[in-house]
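Scroll down for the structure; my scribbles are underneath it.
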Amino acid sequence: MTLAAISWSAANARRMERQFLLNPAKPGEAGPGEVVDAMLAAHAQVMSAAELSVGLRMDGATRLDVRDALWGEEPSLVKTYGPRGTIHFLPVSELPMWTGALSAAPGGPSPFKAGDRLTPSQTDEIVDAIGEALDGACLTIDELSDEVVARTGPWAGDLVLPAFQGMWPRWRSVMHVAGHRGVLCFAPNRGRKVTYTRPSAAGSDEPPLSAEVATGRLVRRFLYAYGPATSAEFAKWAAAPARWAGEVFASLASAGEIEAVEMEALEMEGVPSSWVVAGDTEFPAEPVRGVRLLPYFDAYVIASHPRERLFPGRAYERALAGGQAGNFPVLLVDGIVAGVWHQRRSGRRITVTVEPLGSLSAGQERELEGQAERVGEVLEGRAELVVGPVTVGAHA
């Protein structure tokens, strides 16, 4: 049975509420691990953006709190390869789900030439070698490369992968697979050099959950954080085949673990059902109000759909890159994207330049000033707000 239609405004308010975007977590309410768990994962390709994503969701937190959660004596976060094969913070407590689910999801076509690709057996051999080399060790990429080639053979070290200013060895094409299988994660930098270790050294030595259990749990967690959502939206978020995702959703629906709902204004022929966790049908009565600044690749803007509602009007052209979310830090006004922004640091001074796509009320301008100040606090600096055009492509 399908429930009554749910407004996008109500769905959006619930997503923001559950991710500590309406009310940042109070001290003692949730730490970085719990906050990232609520987001499902925090994109960490740009470290300062990841620190902001987490820190802005916690009252009074700074980037030091996030780093302590990663590298401290009792880590609650691990930095590794997550959804879409990109670098993420994942909660240590949920790593068995992640490794089980990410390993189970079918990959897309290889971008490499036929002669440069690895066979399944070669992939297994390299992943085993990575795990052995990182057991009890923290290695730089060059040290890890030497260890992998020594354990496999010269073929793994062939320089066949196009890189930024040269070529990478063949084995590096499956680093993300090693992360997905739970044998590789990031360790603290050694000076300016990135190092890697096994997740056991980062605080987690639990084996992956089975594929069926892990994928079911991940879908339910996704729907709790970002639902109502379609199987195609989940597939896009996970960079997984739409057909596979549809089969997983169908299996969960058959088992009564998820249920279909209708989204208001999307009730037309050919539009697939949206889904929520079975019984999870309570939504806020009031729409979102207020101003928020979110950094590059924030989980909320990447996973929330439909994009046309989150990025209305001019925002769809200005704040997306060919339909891809996350390439611009965004200004949210009343829960929708209403501008872009960037930051530039000089010592402790952080200039926060915001480009609203419409006029702001006096109250919203005051809120924006508070948000800029909070960005400075999280990054341990002093923010200076500038309202004006944003330079396209400027990074933190």
Side chain to side chain contact (heavy atoms under 4.5 Å, CB included) with E212: which residues, sequence neighbours excluded?
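E212 satisfies side chain to side chain contact (heavy atoms under 4.5 Å, CB included) with no residue once adjacent residues are dropped.
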With A10 via side chain to side chain contact (heavy atoms under 4.5 Å, CB included) - residues at least two apart
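Checked A10 against side chain to side chain contact (heavy atoms under 4.5 Å, CB included); matches are I6, S7, F283.
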Quick check: is [Y] connected to [X] through a chain of hydrophobic side chains (ILVMFWY, heavy atoms under 4.5 Å apart)?
X    : Y    : answer
W8   : V276 : yes
Y316 : Y300 : yes
L64  : V54  : no
F311 : L357 : no
I141 : Y81  : yes

Between T353 and W341, does a side chain to side chain donor-acceptor pair (under 3.5 Å) hold up when you go through it step by step?
CA-CA 5 Å; T353 303; W341 67 281; over 6 Å; no
Is the closest side-chain heavy-atom distance between [X] and [Y] below 4.5 Å?
X    : Y    : value
V261 : W275 : no
D135 : E132 : no
D68  : E74  : no
T140 : R190 : yes
R57  : L21  : yes
L331 : V340 : no
F89  : V66  : yes
V78  : L70  : no

Does [Y] offer a backbone N or O that forms a donor-acceptor pair with the side chain of [X] under 3.5 Å?
X    : Y    : value
Q19  : M39  : no
S251 : E247 : no
E29  : K26  : yes
R382 : E373 : no
T197 : A137 : yes
T80  : L184 : yes
T195 : P188 : yes
R18  : Y224 : yes

Tell me if the CZ atom of R84 is crowded by more than 12 foreign heavy atoms within 6.0 Å.
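Above 12, so yes.
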Would one find more than 12 heavy atoms of other residues, nucleotides or ligands at under 6.0 Å from atom CZ of R243?
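No, the 6.0 Å shell around CZ holds no more than 12 heavy atoms from other groups.
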At what distance, to the nearest 0.5 angstrom, does [atom1] of [X] lie from [atom2] of [Y]?
X    : Y    : atom1 : atom2 : answer
L223 : D280 : CG    : CG    : 9.0 Å
S359 : E365 : OG    : CD    : 9.0 Å
E380 : T62  : CD    : OG1   : 4.5 Å
R170 : L118 : CZ    : CG    : 6.5 Å

Regarding [X] and [Y], does a basic nitrogen lie under 4.0 Å from an acidic carboxylate oxygen?
X    : Y    : result
D146 : R151 : no
R292 : D298 : no
R221 : E94  : yes
E317 : R314 : no

Closest non-hydrogen atom pair, C185 against K79
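What the structure gives for the nearest pair is CB-O, 3.4 Å.
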Looking only at non-hydrogen atoms, find the nearest pair between I302 and G326 and report the distance.
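Nearest pair, atom of I302 first, then G326: CG1-CA, 4.4 Å.
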Residues forming a ring-ring contact (aromatic ring centres under 6.0 Å, His included) with [X], sequence neighbours excluded:
X    : value
Y196 : F186
H43  : H88, F297
H176 : H180

Which atom pairs, donor and acceptor, lie under 3.5 Å between side-chain atoms of residues 233-242 and protein residues at least two apart or in another chain?
unit_1, atom_1, unit_2, atom_2, d
E233, OE1, T230, N, 3.0

Apply the test salt bridge (charged side-chain N to carboxylate O under 4.0 Å, His left out) to residues E17 and R14: give CA-CA distance (whole Å), side-chain angles for both, the deciding distance (0.1 Å), then the verdict.
CA-CA 5 Å; E17 182 178 55; R14 191 172 83 164; over 6 Å; no
Using side chain to side chain contact (heavy atoms under 4.5 Å, CB included) as the criterion, point out the one residue from T99, T123, L102 that pairs with R181.
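Only match with R181 under side chain to side chain contact (heavy atoms under 4.5 Å, CB included): T123.
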